[in-house]
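Letters A, B, ... mirror the listed sequences (proteins, then strands); counts begin at 1.
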Amino acid sequence: MDDSRMEELVTDYLEGNLSGELKQHVEKKIAKNEEWKLAHDRLGQVYELMEDAEVFLPPASIKSRFDDALMDEIKQQKSSQAKAGHVSWYWMAASIAATIMLTVIVVLTVQNGAQREELSQLQDQIDLNRALVLDALTNSEQSSASSRLVGVNTSRQLTVMDQELEDALFATYLHDENSNVRLAALNALAQFASGSSVRSRLVQSLHEQGDPIVMIQLINVLVRLEEQKAIPGLKKIIEDTDYQQVIRQEAEIGIAKLS
Amino acid sequence: MSEEVLMLAVKNGELEKLSILFERYQTHLYNFFVRLTWDRELSADLTQNVFLRVMKYRSSYREGASFKPWLFQIARNIHADHFRAQKLQLESLDQTLEPTDHGGLMEQEQVSEQEALLNRAIGQLDLQDREILVLSKYQKMKYEQIAETLDITVASVKVKVHRAIKRLKTKYFELEKQQHGR
């Protein structure tokens with residue numbers, strides 16, 4: 001047996017990777033063969049030194065700085081929650097108002113004048129919902145994750161996507177600090193992906209989205225949309241080892257389904 | 001309470017639970033950085049930055065993920081970010097980078113002559129080898145945890161550990177020979 005194989009086996013033995021007959025064979029070699037014993041003892045010395053190495057104690061200042069930072073973050077969180085309480089009431093009031101309007105519309109039965117009024121009130125409701133969605137998405141620093149989530153999900157009730165709304169949803173999908181909100185924004189965009197602008201921006205975002213969970217969902221969305229223009233972007237992902245393996249695998253599956 | 005449960009609680013808004021994770025991991029992380037950089041002050045800063053980043057990006061922690069590999073992924077990124085910012089070249093298979101020994105950490109009085117030699121030998125390895133040895137032998141992470149941290153296969157971890165150990169052994173006994181040859 002050559003030296004390199006002997007060294008490999010001794011390393012595996014000291015790493016605890018061996019078992020059964022092979023382990024017994026190596027143990028016998030170490031006990032009876034001078035060369036094996038020397039290799040084992042020399043390597044064993046290095047292992048022992050690492051095993052018994054000094055543990056460095058961190059300075060007390062790390063804890064005190066961390067405690068300060070944690071207290072600041074907790075205070076900020078409480079302050080955001082207080083504001084979110086107001087936003088939640090705002091949402092409740094808005095949905096109650098919308099329900100009352102709908103009820104009024106249903107009760108009205110007189111023809112022409114009533115129909116005009118009905119359309120006008122429906123338009124008011126759509127405008128209100130749109131305003132609420134934009135407010136939640138564009139004031140993200142002052143709204144909680146749950147408010148932004150409600151905003152994104154409400155956007156799915158709108159029938160038309162305008163540029164301002166599209167931009168707000170894309171900004172949320174790419175940059176929101178909460179991955180659940182980003183996922184919801186992606187799913188909302190997918191709903192409006194009949195327009196070429198949304199589709200091409202989704203394809204472009206293959207290299208802009210940093211969140212692995214959202215990346216995987218994006219690949220699934222592009223496959224569902226049968227968007228062949230995503231194939232070159234997916235190929236680049238497969239070749240780029242900076243991406244996690246799970247994402248590269250998803251990209252491979254995506255190409256297979258789109259081809 | 002497991003670290004995974006604690007981190008999920010932090011993710012869901014119970015920020016105070018992060019202090020339990022801090023107590024459990026500050027020494028581990030500090031030692032991880034010291035063994036990579038040999039700089040106590042820098043290591044304290046980098047340790048602090050890991051927890052600040054955990055706090056800021058707590059929403060990115062996935063339910064079901066192992067906490068320790070996730071934490072050490074953040075630690076590696078912070079280490080890499082710091083040196084990228086300092087414009088130092090770290091990762092090169094052909095280069096060795098001997099960290100500057102700030103404060104004589106490598107050869108403190110209370111450390112044995114052999115441990116001092118070992119520290120110098122580790123300092124002469126390239127970053128990839130140093131990192132895998134620190135994670136495996138000093139942080140005592142299993143191959144599966146290291147694989148998750150480095151986003152490589154378990155088989156790759158085993159190969160890298162073997163290579164790093166072999167190189168370390170060679171350097172250690174070379175230094176020992178030089179020392180005793182004086």
Step-by-step side-chain hydrogen bond (donor to acceptor under 3.5 Å, both in side chains) determination, B:Asp151 to A:Tyr243: CA-CA 9 Å; B:Asp151 193 26; A:Tyr243 285 103; over 6 Å; no
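Using a distance-only test at 3.5 Å, with no hydrogens or angles considered, no donor-acceptor pair links the side chain of B:Gln26 to the main chain of A:Lys63.
In the displayed structure, A:Glu48 atom CD is contacted under 6.0 Å by at most 12 heavy atoms of other residues, nucleotides or ligands. No more than 12 heavy atoms of other residues, nucleotides or ligands shown are found within 6.0 angstrom of CZ on B:Arg163.
The two residues B:Gln48 and A:Ile62 have their closest heavy-atom pair at OE1-O, 3.6 Å. The nearest pair of heavy atoms linking B:Arg35 to A:Ala53 is NH2-CB, 3.6 Å.
Note on ring orientation: taking the six-membered ring where Trp is involved, the planes of B:Phe22 and A:Phe66 are parallel (angle under 30°, cut-offs 30° and 60°).
Separating the CZ atom in B:Phe173 from the CG atom in A:Leu43 is a distance of 8.0 Å, to the nearest 0.5 Å. Interatomic distance, OG1 of A:Thr11 versus NZ of B:Lys158, reported as 10.0 Å (0.5 Å rounding). The distance from atom OG of B:Ser60 to atom CZ of A:Arg182, rounded to the nearest 0.5 Å, is 8.0 Å. Residue B:Leu15 holds its CG atom at 4.5 Å from CD of A:Gln77, rounded to the nearest 0.5 Å. Here A:Glu73 contributes atom CD and B:Met55 contributes atom CE; the two are 6.0 Å apart, rounded to the nearest 0.5 Å. For the atom pair B:Asn31 CG and A:Glu54 CD, the distance stands at 8.5 Å (nearest 0.5 Å).
Contacts of B:Leu29 with chain A are absent, with no heavy-atom separation under 4.5 Å from either backbone or side chain. Proximity to chain B is limited to the side chain of A:Glu15, based on heavy atoms less than 4.5 angstrom apart. With a 4.5 angstrom heavy-atom cutoff, A:Arg42 touches chain B via backbone and side-chain atoms both. Within the 4.5 angstrom heavy-atom criterion, only backbone atoms of A:Asp52 (N, CA, C, O) approach chain B. Contacts of A:Gln45 with chain B are made by side-chain atoms alone, with heavy-atom separations under 4.5 Å and no backbone atom involved. Residue contact with chain A, scored on non-hydrogen atoms closer than 4.5 Å, is absent for B:Glu41. In this structure, chain A has a heavy atom under 4.5 Å from the side chain of B:Leu118, while its backbone stays farther away.
With respect to chain A, the highest number of heavy-atom pairs below 4.5 Å among B:Lys166, B:Lys169, B:His162 belongs to B:His162. Contacts with chain B were tallied for A:Ser61, A:Ala69, A:Pro59, A:Pro58; A:Pro58 has the most, counting heavy-atom pairs under 4.5 Å.
Counting heavy atoms from C-beta outward, A:Leu70 and B:Ser19 have side chains that approach closer than 4.5 Å. Counting only heavy atoms from C-beta outward, the side chains of B:Lys140 and A:Glu51 approach each other to under 4.5 Å. Side-chain contact between A:Met50 and B:Ile165: present, with at least one pair of heavy atoms (C-beta onward) separated by less than 4.5 Å. With a 4.5 Å cut-off on side-chain heavy atoms, B:Thr27 and A:Phe56 do not count as touching. A:Asn17 places a side-chain heavy atom less than 4.5 Å from the side chain of B:Tyr143.
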